[in-house]
Each structure stands twice: as structure tokens, then as C-alpha cells.
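Report on one structure; see the data block that follows.
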Amino acid sequence: MGLLQGLLQARKLLLVICVPLLLLPLPTIYPTSEAACAYVLLVTAVYWVSEAVPLGAAALVPAFLYPFFGVLRSSEVAAEYFKNTTLLLVGVICVAAAVEKWNLHKRIALRMVLMAGAKPGMLLLCFMCCTTMLSMWLSNTSTTAMVMPIVEAVLQELINAEEEQLVVGTSSPEEAELMGLDVNNRQTSVELIFVNEDTPTADFTSLMQNKNLNGVPMVTKPVQTTNQQQPKRQHSSQEKSGVLIPSSKNQEPNRKKYRSHHDQMICKCLSLSISYAATIGGLTTIIGTSTSLIFLEYFNNQYPAAEVVNFGTWFLFSFPISLLMLVVSWFWMHWLFLGCNFKETCSLSKKKKTKREELSEKRIREEYEKLGDISYPEMVTAFFFILMTVLWFTREPGFVPGWDSFFEKKGYRTDATVSVFLGFLLFLIPAKKPCFGKKRDGASQEPTQGIEPIITWKDFQKTMPWEIVILVGGGYALASGSKSSGLSTWIGHQMLSLSSLPPWAITLLACVLVSIVTEFVSNPATITIFLPILCTLSETLHINPLYTLVPVTMSISFAVMLPVGNPPNAIVFSYGHCQIKDMVKAGLGVNVIGLVIVMVAINTWGVSLFHLDTFPAWAKVSNITDQT
């Protein structure tokens with residue numbers, strides 16, 4: 001029994017050792033470049049799927065196995081680990097770090113909630129819109145971790161408002177205590193938590209310390225919101241902390257806090273909707289998720305002559321998808337948890353507000369007022385945020401000449417050029433508003449070298465997901481090895497049997513397959529494994545590669561049915577409002593909604609936007625049929 005327990009504890013180490021040994025006969029019996037590349041691909045894929053080693057560490061396997069087997073030179077492999085997309089991510093993270101450091105995201109979220117009121121239906125729509133908008137530019141995980149504490153505070157106010165009304169009718173606090181009402185601890189502070197994007201769910205437990213937020217143990221850091229004008233303040237939102245999925249013994253007592261079944265349904269509905277809205281928002285921009293960044297760099301590397309996909313074209317294609325998904329998912333969540341009485345739950349009339357709704361709005365307004373007036377760093381961050389978006393859109397809009405056409409040499413500037421330049425400026429601009437010709441109080445005592453910039457290098461380091469950078473590089477290395485060794489050509493020949501199926505059926509099958517796989521395997525690992533296969537399949541069948549790659553890239557993000565699907569799911573589940581059966585039931589509907597809308601989009605406006613009705617010239621260069 002002790003031996004079995006020891007083997008279970010060392011299962012990851014055994015897997016790391018045994019997998020390469022068990023697969024070693026493949027390159028030994030077939031001493032070809034294709035077999036050696038397949039060996040490296042299989043070992044890396046098993047490490048990624050099993051998470052026996054960290055994803056970033058597993059992505060380093062091609063860096064030493066490719067040179068060892070003679071597939072690629074060491075210098076060639078190393079060049080694959082730092083691409084244009086890495087620079088794009090660096091610039092975006094600089095802006096995201098500034099947004100999180102100066103609490104601009106919290107101001108936006110609370111302002112939108114105030115505009116919606118406390119009606120359950122409108123709260124649901126407001127939180128989903130707010131989360132979707134933030135998730136377009138921040139990571140899905142950070143957005144969920146930021147919005148969920150605000151949602152939790154609102155939910156507690158909705159529930160505690162009814163308790164307060166009952167307490168008024170009692171004669172003493174003792175009577176209220178006998179009724180099970182928590183009189184002394186009704187107020188719930190809004191606290192923010194942040195974790196890095198695509199952190200494996202299993203890693204959350206390593207970051208835990210014991211703290212109780214609304215009956216659910218998790219790690220949080222309170223946000224300092226007082227005196228926003230202090231130039232030398234250090235925001236505790238800079239500190240990253242983790243989230244633990246509570247055990248069943250912690251969740252069971254948590255269910256007793258609901259005073260009615262309706263309260264429980266509201267909590268489930270609002271909690272789950274945050275995870276789904278974060279996923280929807282991440283689809284909208286090319287920088288919204290790591291999967292879209294991996295797709296962009298792989299596509300540009302595989303088809304360098306294809307100047308089709310950029311920030312603008314992706315946004316034009318995906319924005320209608322996100323908008324439709326947001327509306328339909330809102331109806332689905334409302335019907336599933338709140339019923340069909342939209343008139344009552346979505347009314348904006350002040351006359352129809354209950355006491356509990358008025359108290360909830362008061363609580364939200366108090367939290368917003370704590371932020372004070374908008375500060376100078378917030379204004380600078382918002383300006384850079386908007387400027388970056390405008391420059392991305394206007395670089396090569398397509399229908400009119402962009403600002404890139406003003407330069408003599410074309411094609412030298414990309415979206416990464418804009419993001420890195422603006423991100424660099426954030427390290428230089430002081431966080432204190434300059435007062436030219438005026439002497440501030442205490443200015444003589446303050447040395448000029450002590451002025452803090454909008455972001456520091458430490459702020460950037462805390463936000464930058466280096467594991468994703470290495471993971472993306474590992475995917476590029478695998479793709480480069482597959483192409484140079486001839487493995488991708490061999491795979492393409494094996495898929496000729498699928499030529500009898502229509503293109504839409506092939507794309508649909510691929511989308512369904514990856515949406516199932518990604519429920520159990522991380523999104524970056526899934527797309528890294530499937531991209532080379534689908535590219536080869538498209539070239540073999542003379543299908544425009546974008547017709548398959550774009551829907552599959554979006555479908556990989558639909559891991560919304562299980563807590564282990566992605567970190568936002570785990571964060572939502574950790575609050576204890578919903579069970580796994582709730583996530584499966586609601587997530588299945590969102591998954592189907594997403595697949596249907598994506599398939600409709602790629603066959604309608606996607607055809608004219610990406611010219612999907614023809615097999616492009618830039619794909620014929622790599623087509624295996626032309627090579628034979």
C-alpha cells in the first residue's frame with residue numbers, strides 16, 4: 001500500500017521519464033527526419049496535456065531535442081522563441097499594467113454598474129458588458145479576478161438588504177441573532193484579486209493563504225482607494241495573488257446563506273456570467289487571448305506573403321460575433337436562472353425598486369465615491385489606451401490608405417511597433433502631474449530623481465506572462481521543425497480521405513473536436529498542437545487556411561463547462577455559488593451558441609472579409625500538391 005501511494009505521489013516524475021523512453025523506438029526503428037520530428041512532437045504534446053511539467057518548461061523540449069536529432073540547428077530553434085507577437089504582447093502588457101496599477105478598470109466597472117441599477121436582469125447585462133469590454137484589452141483571468149469581488153459585494157448587498165428589513169421589525173439584536181440574521185457583518189468590502197493569464201488551475205493552490213471573503217476562503221489584497229492624488233502611493237493592486245477552489249466542506253455551509261431559492265439563482269447567474277463574458281470579450285481583439293496571439297504569429301510565420309490578418313480585420317470579423325454571443329448568452333442565462341419575466345427583472349423605473357435594490361445601489365455608489373476624482377495617472381493611461389487602439393485601426397484599415405502608407409518603405413511597421421513605442425513612453429511619463437512655472441507645497445524637499453513614472457519595471461514584471469511567451473515560442477519551434485522535416489507533408493497526405501466532405505463540414509468537425517479537447521487541456525497547448533495539422537489539412541484539400549484556422553482559434557476559447565477548463569472558470573467556482581452541474585448546464589448552452597454564431601460568421605461576412613471563396617496564392621507556396 002505504501003509503494004502504491006509512493007508511485008501516485010511520483011506519477012508526474014514517472015511520466016516525464018517513461019514517456020520519452022516508451023516513444024524512443026520511433027526514431028530508432030525509423031531513422032528519418034519525419035520520425036524524429038514526430039517523436040519530439042509527441043513527447044511535448046504529452047507533457048502539455050498531462051501538465052507533468054509546467055507548460056513553459058515543456059515548451060523548451062524542442063530547443064534541445066531538435067538539435068539532438070538533427071531536425072533543426074540550435075540557432076534556428078532559438079530564433080523561433082522570440083517573434084513579432086512577443087513584442088506586441090510586451091507593449092500591451094505595459095498598458096495593462098498601468099490600467100491595473102492605477103485602478104482604472106475598477107472605476108470603469110463601478111461606473112457601469114451604477115448606470116444599470118440593481119434590477120437582476122439589468123445587473124446581469126451590465127456586468128456582462130463591463131467584463132466583455134475589459135476583457136478585450138486585459139487578460140480573461142485578470143478581468144474575471146477583478147470583476148468577481150465587485151459582483152460578490154453586490155450580491156451580498158442584495159441578500160443582506162432583505163435581512164436589514166427583517167431586523168427592523170425585531171425588538172433586539174438577540175432576536176435577530178435567533179432568526180439567523182448577521183447584523184454586525186453585513187457590509188462587504190470590494191476587494192480585487194489578480195492572477196496571470198492561463199495559469200493552470202492546479203497551480204492556484206500553491207498561492208493560497210487563509211482568508212475569508214463572504215464565507216469563501218481565498219487570497220485577496222485590499223485596494224487602496226483613499227487619496228488618489230498622492231503621487232508616491234503604492235497600490236496594493238500591484239500585488240498578484242492566487243485563488244483557491246474551495247473544498248466541498250467550505251462550500252456546503254455557504255449554501256445556507258441564501259434566504260430564498262431566487263437569491264441563490266441570482267448568485268449563480270451573475271457569477272457564471274462573468275466567466276462567460278470574459279471569454280466573449282477575449283474573442284473580440286487579436287490581443288484578447290493568448291490563443292489568438294499564437295494563431296497570428298503562426299499564420300504570419302507560415303504564410304509571410306499573406307497580408308490579410310491584422311488588428312483591424314480581426315476586429316471587424318469578431319466584433320459582431322462577440323456582440324451576438326453577448327446578447328444571446330444574456331437571454332440564455334436569464335432564462336436558465338431567472339426565468340422569462342424580463343419586464344420585472346429589467347425594469348429601469350425608479351418607482352418599482354425594492355428596498356434591497358436601493359440599498360445595493362447605495363453601497364455601489366459609496367464604493368465608487370471612495371475612488372475620488374479621476375487622477376492624472378488614470379487620465380494618461382486612458383489616453384494611451386485609446387491612442388493605441390486608434391493607431392492599430394488606422395495602420396492598414398483596408399478600405400482607405402492608413403498611416404503606414406505615409407512612409408517610403410512599406411511593410412516595416414506592425415501592430416507591435418505601436419504597442420512597444422507607447423509602452424516605452426509609459427516608463428518615462430511621471431505619475432505626478434507637472435506644474436510648469438508653479439511651486440508645489442513641499443517641492444523643495446522632493447528630489448527630482450525620485451519622481452515615479454506611470455509604470456515601473458517591477459510593475460511590468462508582475463504582469464508579464466513569461467510562461468506564455470515561452471509556450472508560444474515552443475509552438476513556433478514545433479511548427480518549424482514539422483515543416484523542415486517533411487512531417488507536415490506526410491500528415492497532409494494521410495488526410496486526403498477527408499476530401500469527400502464539404503469544407504463547412506470539415507471546419508465544423510474541427511471546431512467541435514477542439515472545443516471538447518480544450519475542456520481538459522489548456523487553450524495554448526490545444527491550439528499549438530492543432531495549428532500545424534489544420535494548416536496541412538487545408539492546403540491538402542485546397543481550402544483557404546483561414547476558413548479553418550479562424551473558427552478553430554475562436555472555438556478553443558469555449559472551455560466554459562468545467563472549473564478546470566480555464567482560470568476564469570476556477571475563479572468563479574471558488575466563490576461557492578455554483579456547482580459543477582450548474583457550470584456544465586449553462587456552459588453547454590454558451591458553447592453551442594458560440595459554435596453556431598462562429599460558423600454563421602465564417603460563412604457570411606467572413607467570406608468577403610478574408611476572401612474565403614478562393615484558394616489564395618499565398619497558400620499555394622506551401623501546398624503539398626504543388627510540390628509533388
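Just the heavy atoms: all of them, side chains too, but no hydrogens, waters or symmetry mates, feed the values below. Just so we're clear, the structure is a prediction, and the values are computed from it rather than from any experiment.
In this structure, the separation between CG on Leu508 and OG on Ser555 is 9.0 Å, given to the nearest 0.5 Å. Atoms NZ and NZ, from Lys101 and Lys458 in turn, are 11.0 Å apart once rounded to the nearest 0.5 Å. Atom CD1 of Ile286 is separated from atom OG of Ser318 by 8.0 Å, given to the nearest 0.5 angstrom. Expressed to the nearest 0.5 Å, how far CG of Asp373 lies from CE of Met379 amounts to 9.5 Å. Taking OG of Ser329 as the start and CD1 of Ile593 as the end, the distance is 4.5 Å to the nearest 0.5 Å. For the atom pair Asn103 CG and Ile374 CD1, the distance stands at 11.5 Å (nearest 0.5 Å).
Considering all non-hydrogen atoms of both residues, Tyr276 and Ala586 come closest at OH-CB, 3.5 Å. The nearest pair of heavy atoms linking Ser271 to His577 is OG-CD2, 3.4 Å. Nearest heavy-atom pair, Met388 versus Val95, reported as atom, atom and distance to 0.1 Å: CE-CG2, 3.2 Å. Nearest heavy-atom pair across Thr548 and Pro551 is O-CD, 3.4 Å. Between Met561 and Asn569 the shortest heavy-atom distance is N-ND2, 4.1 Å. Here the closest heavy-atom approach between residue Cys94 and residue Phe460 is recorded as SG-CD1, 3.7 Å.
Residues meeting the side chain to side chain donor-acceptor pair (under 3.5 Å) test with Ser322, sequence neighbours left out: Thr284. Under the side-chain contact (heavy atoms from CB on, under 4.5 Å) criterion, Pro54 pairs with Ala57, Glu467, not counting sequence neighbours. By the ring-ring contact (aromatic ring centres under 6.0 Å, His included) test, Phe337 pairs with no residue at all, sequence neighbours left out. When the side-chain contact (heavy atoms from CB on, under 4.5 Å) test is applied to Thr132, the partners found at least two apart in sequence or on another chain are Met136, Ala277, Ile280, Leu326. Here Ser292 pairs with Thr289 under the side chain to side chain donor-acceptor pair (under 3.5 Å) rule; sequence neighbours left out. Listed by chain and residue number, Phe331 satisfy the side-chain contact (heavy atoms from CB on, under 4.5 Å) test with Val327 (two or more places apart in sequence, or in another chain). Looking at residues two or more places apart in sequence or on another chain, you find a side chain to side chain donor-acceptor pair (under 3.5 Å) between Ser135 and Asn140. By the side chain to side chain donor-acceptor pair (under 3.5 Å) test, Thr553 pairs with no residue at all, sequence neighbours left out. Taking the ring-ring contact (aromatic ring centres under 6.0 Å, His included) definition, one finds that Tyr368 meets it with nothing, sequence neighbours left out. By the side-chain contact (heavy atoms from CB on, under 4.5 Å) test, Ile321 pairs with Phe317, Met325, Met554, Ile597, Val598, Ala601, Trp605, sequence neighbours left out.
In this structure a side-chain-to-backbone donor-acceptor pair under 3.5 Å is present from Thr279 to Ser275. Distance alone, capped at 3.5 Å, places no donor-acceptor pair between the Trp330 side chain and the Leu124 backbone. One N or O on the side chain of Ser515 and one on the backbone of Val512 form a donor-acceptor pair closer than 3.5 Å.
Aromatic ring pairs are classed by plane angle as parallel below 30°, tilted from 30° to 60° and perpendicular above 60°; the pair Trp314 and Phe295 is tilted.
Applying the side-chain hydrogen bond (donor to acceptor under 3.5 Å, both in side chains) test to residues at least two apart or on different chains, the pairs with a partner in residues 584-603 are Tyr547-Asn603.
For the pair Phe558 and Leu283, the minimum side-chain heavy-atom distance is below 4.5 Å.
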